[in-house]
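See below for the structure under consideration.
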Amino acid sequence: MPVSRRSMKLLIAVPVLAGAVALAAAAQAPDNNDPLIAGFKSTYAASVSDAVELVTGRPGTMTHDMKLMNGTNLVGRAVTSLVRPATPEQSTPTLSTRHSVEMIDEAKPGEVGVIVMEGTLDIAAMGNLMATAALERRMAGMVLDGAIRDMWDIRRMGLTVYARSKSPRTAVGHYATVAKNVPVECAGVTVRQGDIIVADEDGVVVVPQERAAEILKEAQSIDDRERGMYPFIREFKSLQKAIAKFNRI
């Protein structure tokens with residue numbers, strides 16, 4: 001008797017539930033002796049967002065629709081892939097994902113894949129096959145200026161994914177990758193290979209690699225001030241006094 005797609009998902013999901021937990025644990029990216037990555041893991045996207053603007057004078061936060069689709073907080077150095085509209089002849093199964101696949105296959109443990117689908121939120125930048133490879137490469141996660149698909153399977157795997165939309169539609173026949181590890185405009189922010197991605201439920205922030213140490217120091221200073229504000233507010237029952245004393249909101 002034929003097995004429905006829904007039943008097939010259940011048949012696949014139940015036996016591998018324990019394995020999924022192991023995969024998710026394995027995907028928790030190592031710091032690779034990088035003190036900047038370790039430092040940013042101890043702070044928050046909100047503090048880092050403020051710090052980027054204070055240090056660089058420019059916003060580093062992606063647009064509000066870049067959301068956590070699956071997984072947890074994310075910190076790691078970026079690797080990138082750029083995808084553009086193409087003719088059906090130029091967007092075969094191989095060409096539609098070539099540079100994205102190469103980017104994942106060459107990724108180091110702890111890196112964050114950033115894929116930009118220029119001009120669309122209706123076509124998937126990746127699905128469960130690329131997610132499987134990202135997990136096996138022990139990438140920290142993925143950030144997609146475009147759509148994600150196969151969410152049922154990616155959720156099972158435990159891969160951390162931030163994306164601007166969800167869609168089952170394929171890139172084959174419509175889009176093709178043009179380059180990897182080049183500067184890309186991802187949800188309003190330039191991302192270069194080696195920049196540091198800091199993301200949580202609030203959103204995704206890009207830390208320019210050449211200012212990362214300054215930005216981390218500023219973010220940690222912000223966190224320290226806020227930790228002092230909580231008991232002050234409780235003691236004096238006044239947010240106005242706390243803002244005046246700590247110059248922070």
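Heavy atoms only, all atoms of each residue included: Met69 and Ile148 are closest at CG-CG2, 4.1 Å. For the pair Gly110 and Ala140, the tightest heavy-atom approach, listed with the atom from each and the gap, is O-CB, 3.5 Å. For Pro35 against Leu216, the heavy-atom pair with the smallest separation is O-CD2, 4.5 Å. Closest approach of Leu36 and Ala213 over heavy atoms only: CD2-CA, 3.8 Å. Here the closest non-hydrogen pair linking Ala242 and Ile233 is CB-CG1, 3.6 Å. Contact detail for Val189 and Thr61: the closest heavy-atom pair is CG2-O, 3.4 Å.
Remark: the Asp153 side chain and the Asn128 side chain contain an N/O donor-acceptor pair separated by less than 3.5 Å. Side chains of Thr177 and Ser100: no donor on one and acceptor on the other come within 3.5 Å. Side-chain atoms of Thr87 and Gln90 include a donor-acceptor pair closer than 3.5 Å.
Arg84 places no side-chain N or O within 3.5 Å of a backbone atom of Val178 that could act as its donor or acceptor partner. Side-chain N or O atoms of Gln209 include one that pairs as donor or acceptor with a backbone N or O of Gln193 at under 3.5 Å. No donor-acceptor pair closer than 3.5 Å links the side chain of Ser47 to the backbone N or O of Thr43.
Among Leu159, Thr97, Val101, the one residue that satisfies the side-chain contact (heavy atoms from CB on, under 4.5 Å) test with Met126 is Leu159.
If you chain together hydrophobic residues whose side chains sit under 4.5 Å apart, Val191 and Val143 fall into the same group. Ile197 and Val182 fall within the same hydrophobic cluster, where Ile, Leu, Val, Met, Phe, Trp and Tyr residues are linked whenever their side-chain heavy atoms come under 4.5 Å apart, directly or through other members. A chain of hydrophobic side-chain contacts below 4.5 Å, direct or via other Ile, Leu, Val, Met, Phe, Trp or Tyr residues, connects Val205 to Ile196. Under a hydrophobic clustering in which Ile, Leu, Val, Met, Phe, Trp and Tyr are joined whenever their side-chain heavy atoms come within less than 4.5 Å, directly or via other members, Met151 and Val161 fall into the same cluster. Follow the hydrophobic side-chain contacts under 4.5 Å out from Val204 and you reach Val184 in the same cluster.
Considering only heavy atoms from C-beta on, Leu74 stays 4.5 Å or farther from Val198 through its side chain. Two residues are said to be in side-chain contact when any heavy atoms from C-beta on lie closer than 4.5 Å; Met139 and Thr160 fail this criterion. Counting heavy atoms from C-beta outward, Glu118 and Leu82 have side chains that approach closer than 4.5 Å. Residues Val116 and Thr80 have side chains not in contact (no heavy-atom distance under 4.5 Å, counting atoms from C-beta outward). For the pair Thr132 and Met157, the minimum side-chain heavy-atom distance is below 4.5 Å. Using a 4.5 Å cut-off on side-chain heavy atoms (C-beta onward), Met142 and Ile104 make contact. Contact of the Ile222 side chain with the Tyr44 side chain is not registered, since no non-hydrogen atoms from C-beta on lie closer than 4.5 Å. Contact check for Met66 versus Leu144: no side-chain heavy atoms found under the 4.5 Å cut-off.
Here the CG atom belonging to Asp50 is positioned 11.5 Å from the OG atom belonging to Ser221, to the nearest 0.5 angstrom. Note that CD of Glu185 is 3.0 Å distant from OG1 of Thr190, once rounded to the nearest 0.5 Å. Atom NE2 in His99 sits 10.0 Å away from atom CD in Glu106 (nearest 0.5 Å). Here Met103 contributes atom CE and Arg98 contributes atom CZ; the two are 14.0 Å apart, rounded to the nearest 0.5 Å. Rounding to the nearest 0.5 Å places OH of Tyr162 at 4.5 Å from CG of Leu68. Between atom NE2 of residue His174 and atom OG of residue Ser96 there is a gap of 10.0 Å, rounded to the nearest 0.5 Å.
Contact check on Arg77 versus Glu111 returns no salt bridge, with no Lys/Arg side-chain nitrogen under 4.0 Å from an Asp/Glu carboxylate oxygen. Under 4.0 Å is where a charged nitrogen must lie from a carboxylate oxygen, and between Asp122 and Arg169 no such pair does. A salt bridge does not link Lys217 to Glu214: none of the charged nitrogens lies less than 4.0 Å from a carboxylate oxygen. Taking the charged nitrogens against the carboxylate oxygens, Glu235 and Lys245 have no contact shorter than 4.0 Å, which rules out a salt bridge.
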Take Met130 and Ile115 through the test side chain to side chain contact (heavy atoms under 4.5 Å, CB included) and record every step on the way to the result. CA-CA 12 Å; Met130 291 168 67; Ile115 302 177; 3.8 Å; yes
Salt bridge (Lys or Arg N to Asp or Glu O under 4.0 Å) assessment of Glu218 paired with Arg225: CA-CA 11 Å; Glu218 184 64 39; Arg225 268 183 287 163; 3.7 Å; yes
Side chain to side chain contact (heavy atoms under 4.5 Å, CB included) evaluation trace for Thr63 with Arg164: CA-CA 9 Å; Thr63 54; Arg164 294 182 67 192; 3.9 Å; yes
Asp195 vs Arg192, test: side chain to side chain contact (heavy atoms under 4.5 Å, CB included). Steps then yes/no. CA-CA 6 Å; Asp195 287 345; Arg192 301 160 301 162; 2.8 Å; yes
Steps toward side chain to side chain contact (heavy atoms under 4.5 Å, CB included) verdict (Ile215, Phe40): CA-CA 9 Å; Ile215 291 167; Phe40 280 111; 4.2 Å; yes
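Atom CZ of Arg58 is surrounded by 12 or fewer heavy atoms from other residues, nucleotides or ligands within 6.0 Å.
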